[in-house]
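For reference, the structure is listed below as structure tokens.
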Amino acid sequence: MPVWLVSRYDEVRECLSNPALSPPAAFAAEHGLASPLSGLFEDTVIGSNPPTHTRLRQPLTKVFNIRRVDQLRPRIQEITDSLLDEVAADGSADLVQALAVPLPLLVICELLGIPTSDREQIHHQAQAMLAAGFDPEAIAASQTAAAQLWDYMADLTEEKRRSPGNDLVSDLVAASGEERLSQSELVAGCRALVIAGYELTSGFIGNALHSLLSRPEVAAELRERPEIDLRGVDELLRHDGPGQFNVRFVNVDFAIGGADMHPGDQVLLDLEAANTDPGRYVDGTELDLTRDSAMHVQFGYGIHFCVGAPLARVEGEIAINTLFRRFPDIELAKPADEVGRNANPFQRSLSELPVRFSPPA
């Protein structure tokens, strides 16, 4: 099928929000095709169109709003401090394994009510699901992990139905009657929340710390005043966010940027190019923590704007400020361009981030 690459900021936003284009899972469902990505986003807000999308999104917006996320700040700070306590005496750490991965994993699992003993299992299944790429063995492993995580979430929702707790899964179970969520939609939504609420945020935190530590002048400012705000967080998301591409399929004849697209055409949206578009951002490839980057497309745009964006922003803000406050002389332990990255065409993230610092006296 024809594939269009869209890279300009305005056109990417138009494609993200125009109902003439559908997310892959919605397009597949509407045309009787196999669901992509092992069915990861089938029956979810990410992979549906209105009116289904509106119904699925409503209970989530009651939880992932700025007011509710602000109430989580003390707990996110507590988790961050605990993770850094574990490496403080060593004088060195791999920040991917010590902070970027476990922080959002612990936060989303606590929100969902997933027991501590199961979090390592969730981590491995989520990674396997997203590592498919184009390798047949990895695709098979992704499908296996998707099925395992589905079964886990199905069991969890049934447990919360019998014994509700103070967690998001219990809230969604309670809302399933009121909002008319089917069991399949409930389980699918919980599984997608694990992926979206943990894997992408961990990629963002790792990328952000790499961007800061690889720029001595920026790192020096943070050492003097570790008070990065949400404006700086958005600039880090714009500059080196985890999402590389987004995909849409054309529903009806559609024209944009001088191109005529037709039903069934695939549209590949280059988020990185859009977020550095010189028509939108002056010196867009440069990092400027004072820049107003709130309208970047890393979280999407329109009705599919990421419902978990407030949580991801707060996690990044707390992780960065706490790290530089506790270890003011922190620096990379290897050249910035030699730090390993994961091989994933759709997600930009680090496989390691080795650093060194002075242990506390």
List the steps and the verdict of salt bridge (charged side-chain N to carboxylate O under 4.0 Å, His left out) for D85 and R326. CA-CA 10 Å; D85 284 345; R326 292 191 57 172; 2.7 Å; yes
Pair T52, V45 - check side-chain contact (heavy atoms from CB on, under 4.5 Å), show working. CA-CA 8 Å; T52 301; V45 291; over 6 Å; no
Check against side-chain contact (heavy atoms from CB on, under 4.5 Å), D283 and D288: CA-CA 9 Å; D283 297 326; D288 178 3; over 6 Å; no
Verdict with reasoning, H304 to Y301, per ring-ring contact (aromatic ring centres under 6.0 Å, His included): CA-CA 6 Å; H304 287 285; Y301 182 68; over 10 Å; no
Could you please spell out the steps behind the side-chain contact (heavy atoms from CB on, under 4.5 Å) verdict for E185 and L56? CA-CA 8 Å; E185 290 169 341; L56 296 177; 3.7 Å; yes
Do R238 and Q298 pass the side-chain contact (heavy atoms from CB on, under 4.5 Å) test, and can you show the C-alpha distance, the side-chain angles, and the key distance before you say yes or no? CA-CA 6 Å; R238 180 204 67 81; Q298 187 62 217; over 6 Å; no
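Heavy-atom neighbours of D329 CG from other residues, nucleotides or ligands within 6.0 Å: above the threshold of 12. Counting non-hydrogen atoms of other residues, nucleotides and ligands closer than 6.0 Å to CD of Q71 gives a total above 12. Atom CD1 of I66 has 12 or fewer heavy atoms from other residues, nucleotides or ligands within 6.0 Å.
Side-chain N or O atoms of R248 include none that pairs as donor or acceptor with a backbone N or O of V267 at under 3.5 Å. Using a distance-only test at 3.5 Å, with no hydrogens or angles considered, a donor-acceptor pair links the side chain of T276 to the main chain of E272. In this structure, S170 contributes its side chain and P164 its backbone to no donor-acceptor pair below 3.5 Å. Without hydrogens or angle criteria, H53 side chain to I46 main chain gives no donor-acceptor distance under 3.5 Å. Between the side chain of S351 and the backbone N or O of G340, at least one donor-acceptor pair lies under 3.5 Å. Counting only distance, with no hydrogens or angles, the side chain of T80 and the backbone of I76 share a donor-acceptor pair below 3.5 Å. The backbone N or O of A255 sits nowhere less than 3.5 Å from a side-chain atom of D260 that would complete a donor-acceptor pair. With hydrogens and angles ignored, the 3.5 Å screen pairs a side-chain donor or acceptor of R191 with a backbone N or O of A146. One N or O on the side chain of N321 and one on the backbone of I228 form a donor-acceptor pair closer than 3.5 Å. For D265 (side chain) and V3 (main-chain N/O), no donor-acceptor pair under 3.5 Å exists by modelled atom type.
Atoms CD and CD, on Q77 and E315 in that order, are 12.0 Å from each other to the nearest 0.5 Å. Remark: K160 NZ to I114 CD1 distance equals 9.0 Å, nearest 0.5 Å. Atom CG of residue L222 and atom CD of residue E227 lie 10.0 Å apart, to the nearest 0.5 angstrom. Atom CD1 of I330 sits about 4.0 Å away from atom CG of L323, to the nearest 0.5 Å. With values rounded to the nearest 0.5 angstrom, C109 atom SG is found 6.0 Å from I122 atom CD1. Atom CG of L149 is separated from atom NE2 of H124 by 13.0 Å, given to the nearest 0.5 angstrom.
In the hydrophobic clustering of ILVMFWY residues, with side-chain heavy atoms under 4.5 Å counting as a link, Y9 and V247 come out apart. Hydrophobic cluster membership is shared by M295 and V12, with clusters built from Ile, Leu, Val, Met, Phe, Trp and Tyr side chains linked at under 4.5 angstrom. Residue V218 is grouped with residue L209 when hydrophobic side chains (ILVMFWY) are merged at heavy-atom distances under 4.5 angstrom, including chains of intermediate members.
Each of L350, I205, L236, V355 was checked for a side chain to side chain contact (heavy atoms under 4.5 Å, CB included) with H210, and the lone residue meeting it is L350.
Between V252 and V250, the shortest heavy-atom distance links the atoms O-CG1, 2.9 Å. The shortest heavy-atom contact between S48 and T44 is OG-O, 2.8 Å. Closest approach of W4 to A259, counting heavy atoms only: CZ3-CB, 3.5 Å. Between L106 and I79, the shortest heavy-atom distance links the atoms CD1-CG2, 3.7 Å. When every heavy atom of G113 is checked against every heavy atom of L156, the shortest pair comes out as O-CD1, 4.0 Å. The two residues Q183 and A154 have their closest heavy-atom pair at NE2-O, 4.3 Å.
For the residue pair S184/D43, the side-chain donor-acceptor check at 3.5 Å is satisfied. Side-chain atoms of Y152 and D118 form a donor-acceptor pair, as typed in the model, at a separation below 3.5 Å. A donor atom on one side chain and an acceptor atom on the other are found under 3.5 Å apart for N207 and R341. Side chains of Q244 and D270: a donor-acceptor N/O pair is absent below 3.5 angstrom, by distance only. D253 and H262 share a side-chain donor-acceptor pair at under 3.5 Å. Looking only at atom types and distance, the side chain of D234 has a donor-acceptor partner in the side chain of H296 under 3.5 Å away.
Salt bridge annotation for R215-E221: absent, with no cationic side-chain nitrogen under 4.0 angstrom from a carboxylate oxygen. We find that E286 and R291 are not joined by a salt bridge, their nearest charged nitrogen and carboxylate oxygen being 4.0 Å or further apart. One finds a salt bridge joining D70 and R73 here, because a Lys/Arg side-chain nitrogen approaches an Asp/Glu carboxylate oxygen to under 4.0 Å. The pair E158-R161 counts as a salt bridge, with a side-chain nitrogen and a carboxylate oxygen less than 4.0 angstrom apart.
Judged as a salt bridge (charged side-chain N to carboxylate O under 4.0 Å, His left out), and not counting sequence neighbours, R231 has no contacts. Scanning for side-chain hydrogen bond (donor to acceptor under 3.5 Å, both in side chains) contacts around D155 gives an empty result, with sequence neighbours left out.
Residue pairs meeting the ring-ring contact (aromatic ring centres under 6.0 Å, His included) criterion with at least one partner in residues 70-95, sequence neighbours excluded, are absent. Sorted by first and then second residue, the salt bridge (Lys or Arg N to Asp or Glu O under 4.0 Å) pairs with a member in residues 347-361 read D240-R348, E331-R356, K334-E352; sequence neighbours excluded.
At least one test fails for R223 against the ring of F324: distance under 6.0 Å to the centre or angle within 45° of the axis.
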Could you go through residues 89-99 and list every donor-acceptor pair under 3.5 Å that involves a side-chain atom there, pairing it with any protein atom two or more places apart or in another chain?
{"unit_1": "D94", "atom_1": "OD1", "unit_2": "V96", "atom_2": "N", "d": "3.0"}
{"unit_1": "D94", "atom_1": "OD1", "unit_2": "L353", "atom_2": "N", "d": "2.8"}

Identify all side-chain donor-acceptor contacts of residues 194-204 below 3.5 Å with residues at least two apart in sequence or on another chain.
{"unit_1": "Y198", "atom_1": "OH", "unit_2": "H123", "atom_2": "ND1", "d": "2.2"}
{"unit_1": "S202", "atom_1": "OG", "unit_2": "Y198", "atom_2": "O", "d": "3.4"}
{"unit_1": "S202", "atom_1": "OG", "unit_2": "E199", "atom_2": "O", "d": "2.7"}

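Between F357 and F327, the ring planes are parallel. Angles under 30° get that label, and only those over 60° would be called perpendicular. Ring geometry for F249 against F27 counts as parallel: the plane angle stays under 30°, on a 0 to 90° scale with 60° as the upper cut.
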